[in-house]
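Within every chain, numbering begins at 1; the chains are lettered A, B, ... in the order of the sequence lines, protein sequences first and strands thereafter.
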Protein chains: 2
Amino acid sequence: MPPPAPGDREARRKDVSEAVWQVLAARGFGGLTLRAVAAAMGVSTGMLTHYFPSKRALVTHALDLLEENTAQRSRRARPSAGLGGARAVLLDLLPLTPADAGRSRIWVSSWDLSLADDALSAQQADRYTRLRATLRPFFETARARGEIPAGDPEHLAAAAVAFAHGLVVQALFAPGRFPEEVQIAMLDDFLTGLTLPRPPAGGGGPSPGR
Amino acid sequence: MPPPAPGDREARRKDVSEAVWQVLAARGFGGLTLRAVAAAMGVSTGMLTHYFPSKRALVTHALDLLEENTAQRSRRARPSAGLGGARAVLLDLLPLTPADAGRSRIWVSSWDLSLADDALSAQQADRYTRLRATLRPFFETARARGEIPAGDPEHLAAAAVAFAHGLVVQALFAPGRFPEEVQIAMLDDFLTGLTLPRPPAGGGGPSPGR
DNA sequence: CGGTACGTAACAAACGTTTGGTATGTAAAA
DNA sequence: TTTTACATACCAAACGTTTGTTACGTACCG
């Protein structure tokens, strides 16, 4: 086999990153070792270090690529503006198929490492900020169209992201209890709750029965 | 210092578990080593193995104790039945104070290990089942009282848990953006959405603008 | 004495990283 | 065209460190 042409270097790094995803999906970050990645590719650990100077560089690049993948996927086939668009973005976050579950799994697993590392923690916070920023225009349009009552779009985006990611975690641990149609129904119920006309805000929570 | 009286063995194991929490909160599961725990206590690794036969036993006991702690705390001061009670349970899940944030942090970090281990994964799924079961009666009462419209209480519990835990993750990565009052306001907004009267369910999502 | 409660020290295994070497290519020099 | 030079791609092996675990020693107490 001829060695890859010079310029395929970035393609080879992508191959390595995919092997990293494979190991992460199977064993999590606690089981991510250079030897495991090398074995998954059928190569040596020296090959990995030839393309990445350190394990950390390898991990961050794999995560960057995974995010880029996800972003590209959600940019395709955005059906509409307004609330329907927000629904499409949120559907992309859910582990509806086994492939999506693998991606979600890796993100959830990465939180352990991210919470322990300031740089990764900031990166993850940025990801959330970007995600909310992606969602916000849809809610603004929805409000302009009268699909939802008045309310801060940024708050709505944060709430929607919270709901989606909390559902992701529950679904990952109990896929049998949260099949595709249940996840979608729950998301639609949540979005329906946003569309309803609200009474003027009173202090101290929603009729806190005390 | 005299050695602890015989019978304090369980108390000593609790001391060790608290040191485990300390290390987990600071460095996550990826940084949890016997030597780090021993150093946090100012003892030797031999002392740890005297009370726990293996690292796994040490970790599972620390997590068991942490869950027991959380359950006890949320059993205290449950203000009311109905929606207000559900609100109190959910507030206990949120990282409102730094101490709560530490606990939440450990749970989120544990998901990496749990997703890679079948036994721990089942344990985590059980925890979610118990949490939903804890929440369900409050929604049933709320429905009986007319605080919320008709709807499956189990679904409502799953949705509420999802929202709360998704908010936990976002708040852990950006505590500055989600201070106590913002978290509480978001939770109350979510609960308010549950109280609103719903139109009869139509197929295909909430006015999906297509 | 006998048992509990440790500390000390060592163990093999696994880790990330480094090194040395062997192909295989391209490109300029002869 | 042949030769020399040099870079790329990779493997195999070893490095020193850190890991969980085990064995052994000592001090205290009943």
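Across the protein-nucleic acid pair, A:D8 atom CG and C:dG25 atom C1' stand 14 Å apart, rounded to whole Å. Nucleotide D:dT22 holds its P atom 18 Å from the CE atom of B:M47, rounded to whole Å. Computed from coordinates, the A:F52 CZ to D:dC10 P distance equals 12 Å when rounded to whole Å. In this structure, B:L58 places its CG atom 14 Å from P of D:dT19, rounding to the nearest Å.
Residues that satisfy the salt bridge (charged side-chain N to carboxylate O under 4.0 Å, His left out) test with A:E67, not counting sequence neighbours, are A:R127, A:R130. Not counting sequence neighbours, B:T134 has no partner by the side-chain hydrogen bond (donor to acceptor under 3.5 Å, both in side chains) test. Qualifying salt bridge (charged side-chain N to carboxylate O under 4.0 Å, His left out) partners for B:D15, counting only residues two or more places apart in sequence or in other chains: B:R12. Annotation: side-chain hydrogen bond (donor to acceptor under 3.5 Å, both in side chains) contacts of B:D100 (sequence neighbours excluded): B:T97, B:R103. Under the side-chain hydrogen bond (donor to acceptor under 3.5 Å, both in side chains) criterion, B:R143 pairs with no residue at all, not counting sequence neighbours.
Contact annotation: A:Y51 does not reach the phosphate of D:dT8 (side-chain N/O to OP1 or OP2, under 4.0 Å). Between C:dA5 and B:H50, a contact under 4.0 Å exists linking OP1 or OP2 to a side-chain N or O. The phosphate of D:dT8 (OP1 or OP2) has no side-chain N or O of A:R12 nearer than 4.0 angstrom.
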Sugar-phosphate or base contact per nucleotide [nucleotides 13-19 of chain C; S, B, -; heavy atom under 4.0 Å]: --BBBB-
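Residues B:E154 and A:R177 are paired through a salt bridge, judged by an N-O separation under 4.0 Å between the basic side chain and the carboxylate.
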